[in-house]
Amino acid sequence: MLRLNNLKTYFFTEEGVVRAVDGVSLSIGEGETLGLVGETGCGKTVTALSIMRLIQEPGRIIAGEVFYNREDLLRKSEEEMRRIRGREIAMIFQDPLTSLNPVYTIGDQLTEVLRLHQKLDKKEALRRAAEILKLVNLPSPEKILNQYPHELSGGMRQRAMIAIALSCAPRLLIADEPTTALDVTIQAQILELLKELMQKFQSSVLLITHNLGVVAELCDRVAIMYAGNIVESADVNAIFKHPKHPYTMALMNAIPKLHREVERLEVISGSVPDLTAPPAGCKFHPRCEHAMPVCSEKVPVEKEIEEHRVACHLYDAD
Amino acid sequence: MLSYVLRRIIVMIPLVLGISIISFSIIHLAPGSPASVLLGPKALDPEAVARVNANLGLDKPIYVQYFKWLSRILQGDLGISVGLILGMQVNELVAARILPTLELTISALILSIVVAIPVGVLSAVRQYSLFDHLATVGAFAGISLPNFWLALMLILLFSVKLGWLPSSGIIDPRITAPTIFDYLRHLIIPAFVLGTAGMAGIARFVRASMLEVLRQDYITAARARGLSERTVIYKHALKNALLPLVTILGMSLPGLLSGAVLVETVCGWPGMGRLAVSAVFGRDYPVMMALVLLFGILVVIGNLIADVAYAYVDPRIRYD
């Protein structure tokens, strides 16, 4: 239902062109949950905002296609996009405190969306809003409708955010690190809630995270992103059992293992490259244990290997 | 909230007392005295000066004078003018001047808000557009042009050359039955001049505040819900951007009142500012003290109103 084709979103800053998303292709099927995984700054959020067409200056989507139900969102007018945002495609943001407007009540912000997209009148919207708050397991919804974001705890705020996002039953939900800003105990509760709601609503989900545990818990398929590119995508089991791309392998090794005693945690040496001047060839080659001469010369093409799609020269035919 | 306001009012008492002690000392220690003004050339005669000083009680030590003045004030008596209109009750003198000054400053404030907020918002929404650049230039002009010069230029253009507006005063005494329109015509130049600095400052402030708010996550989140750009800017962003303005307005009151001193003098506006200038020249101690006290109380009350209003408009702030 959603397919990105060679999407490129660049930021034209004074320091140079930041290639935040540099040719991303991925797809999400009906009712499927895709995990988009990568380090901070690799372009996950920009990918999500590009799908919503919410990239702000100095950023621009310079190439590619975003097919939603076979229609290219990049060719839609701003007016058409507004009808899609919040109704067809909704988004949950990382930090519920900064993503809820501090000077309006939860009720204001929730009924606003209902009245806009479902054309409910004020009374109906309030009733529906209370129902939705109950759906995300918030206690005494009538009270919360009249409360401001700062009066709620972190977990309650994120539940309210999820309520706003799901209020119009979107077909696609983009969740941008929905648990990162929360306490570990609250994280588990929110994950549980998301899981339950995803089953109930049967929506497709693009789940952005850098937490592989969250991926294992919720996703059907995984796409691994590095420096603006998808380096590997596959079924969630396949990724965890047989990672193909050296970056994916390194990520898996970096997960602390309970049953093995180790002196130190495994890390990936080096850091995310500067996206104004990324390394030539494969962008991961300076940090890659398996780097070969060809890696710094040619950009690897995506290939299909045992149900994985991998962009790595290790799997070149010759 | 009520207890907060009461506490603030109680704190105001020592504050106003402090203002009165400092200004009383400065006024009485400054060179010149009512005697030198009242006696004119005869002020060269030390005996005449001593007689006047004794009459006015100015021969006593300054703290004695202060406490005498204070005890009168507490009984609601501002004293008797010793310079301007000799023997006139300061209460009456000042009472007639309060309303014109309030009328002028409040008009200036309203005018600057009404002009500055839309200009600031539009500058932010269309950052670096032609409009934004023009607004920036206009704001710097508003801040840097001296009030007295601007007032004179406007009077020259609109009163002398074009004859559209009256050149001074609050109302033309020749008009027997003045309408509100007559009053407004007199108000335009002084209110505009007094409002220019605030207008410029507020416009710059709103622009900066709005740009800051437009970068916030909740604005992206609002857009992601499909809200129109209008709703995003004028509902979600504007309220957040205007909250800090409440404090700015409270703080702008001293500037407005001191600006009124100049503007009232240049525009012949019969308010407290012009009275203050005459009182200084006449070394009229009781009138000067009365005005300093009034200005002080107005500023303190203005700040209190700003703080209370802030709690009222911002749900995150509650005083208990």
Side-chain angles (χ1 to χ4, degrees), chain A residues 45 48-49 51-57 78-106 108-118 146-151 157 160-161 164-168 170 173-176 181, chain B residues 1 117 121-133 206-207 209-248 308-320:
Chain A
T45 300
L49 290 175
I51 296 170
M52 300 287 273
R53 288 251 314 265
L54 285 173
I55 296 294
Q56 296 287 312
E57 284 291 315
E78 186 51 30
E79 187 59 41
E80 289 171 307
M81 270 318 287
R82 272 204 291 275
R83 277 198 291 272
I84 291 171
R85 290 183 200 129
R87 176 154 65 177
E88 299 270 329
I89 307 177
M91 193 161 170
I92 301 173
F93 291 85
Q94 178 171 352
D95 187 345
L97 182 60
T98 59
S99 315
L100 288 167
N101 196 324
V103 300
Y104 289 104
T105 61
I106 301 296
D108 281 336
Q109 300 184 53
L110 189 46
T111 52
E112 180 181 54
V113 192
L114 289 167
R115 295 178 67 180
L116 174 74
H117 290 305
Q118 313 221 314
N146 290 316
Q147 283 183 312
Y148 290 93
H150 71 276
E151 295 174 292
R157 272 183 221 131
M161 272 288 286
I164 295 173
L166 293 179
S167 60
C168 299
L173 178 69
I174 301 176
D176 186 1
Chain B
M1 178 60 117
I117 290 179
V121 169
L122 223 63
S123 288
V125 173
R126 305 203 185 135
Q127 195 186 6
Y128 304 133
S129 66
L130 180 65
F131 178 85
D132 184 26
H133 289 303
V206 170
R207 177 183 185 270
S209 177
M210 194 73 184
L211 284 174
E212 170 71 28
V213 167
L214 285 174
R215 277 208 310 271
Q216 299 298 312
D217 287 348
Y218 54 80
I219 295 301
T220 308
R223 290 200 176 106
R225 287 173 210 151
L227 301 173
S228 69
E229 203 54 23
R230 239 169 104 154
T231 312
V232 171
I233 289 172
Y234 294 104
K235 182 179 171 194
H236 285 265
L238 191 60
K239 189 169 177 193
N240 281 285
L242 291 188
L243 287 180
L245 189 63
V246 176
T247 313
I248 299 286
V308 171
Y310 203 92
Y312 184 73
V313 291
D314 190 337
R316 285 164 296 183
I317 294 177
R318 284 285 170 262
Y319 305 117
D320 339 86

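Quick caveat: nothing in here was measured; it's all calculated off a predicted structure. So that the names make sense, note that chain A is the first sequence line, chain B the second, and so on, each numbered from 1. Heavy-atom basis, side chains included; hydrogens, waters and symmetry copies ignored.
There is no contact between B:I219 and chain A, counting heavy-atom distances below 4.5 Å. Interface residue A:V103: backbone and side-chain heavy atoms are both found under 4.5 Å from chain B. Interface remark: A:I174 contributes no atoms to any contact with chain B (heavy atom separation under 4.5 Å).
Taking chain A as the reference chain and counting heavy-atom pairs below 4.5 Å, the highest number among B:Q216, B:E229, B:R316, B:K239 is found for B:R316. When each of A:R87, A:Q56, A:M91, A:E78 is checked for heavy-atom pairs under 4.5 Å with chain B, A:Q56 comes out on top. Comparing A:R83, A:H117, A:R85 by heavy-atom pairs within less than 4.5 Å of chain B, the highest count is held by A:R85. Options A:L97, A:I84, A:I89, A:L116 differ in how many heavy-atom pairs under 4.5 Å they form with chain B, and the most are formed by A:L116. Contacts with chain A were tallied for B:A222, B:A224, B:S228; B:A224 has the most, counting heavy-atom pairs under 4.5 Å.
Partners of B:R225 according to the side chain to side chain donor-acceptor pair (under 3.5 Å) rule, which considers only residues two or more places apart in sequence or in another chain, do not exist here. Every residue meeting the side chain to side chain donor-acceptor pair (under 3.5 Å) condition with A:E79, not counting sequence neighbours, appears here in chain and number order: A:R82.
Counted within 6.0 Å of CZ on B:R126, heavy atoms from surrounding residues, nucleotides or ligands total 12 or fewer; the atom is thus considered open. Under a cut-off of 6.0 angstrom, the local environment of OH in B:Y312 is sparse, with at most 12 non-hydrogen atoms contributed by other residues, nucleotides or ligands.
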Please report the C-alpha distance between B:L242 and B:V206 in whole Å, then the side-chain angles of each, then the deciding distance to 0.1 Å, and finally whether the side-chain contact (heavy atoms from CB on, under 4.5 Å) criterion is met. CA-CA 7 Å; B:L242 291 188; B:V206 170; 4.2 Å; yes
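Using a 3.5 Å distance cut-off with no hydrogens or angles, the side chains of B:D132 and B:S129 do not pair a donor with an acceptor.
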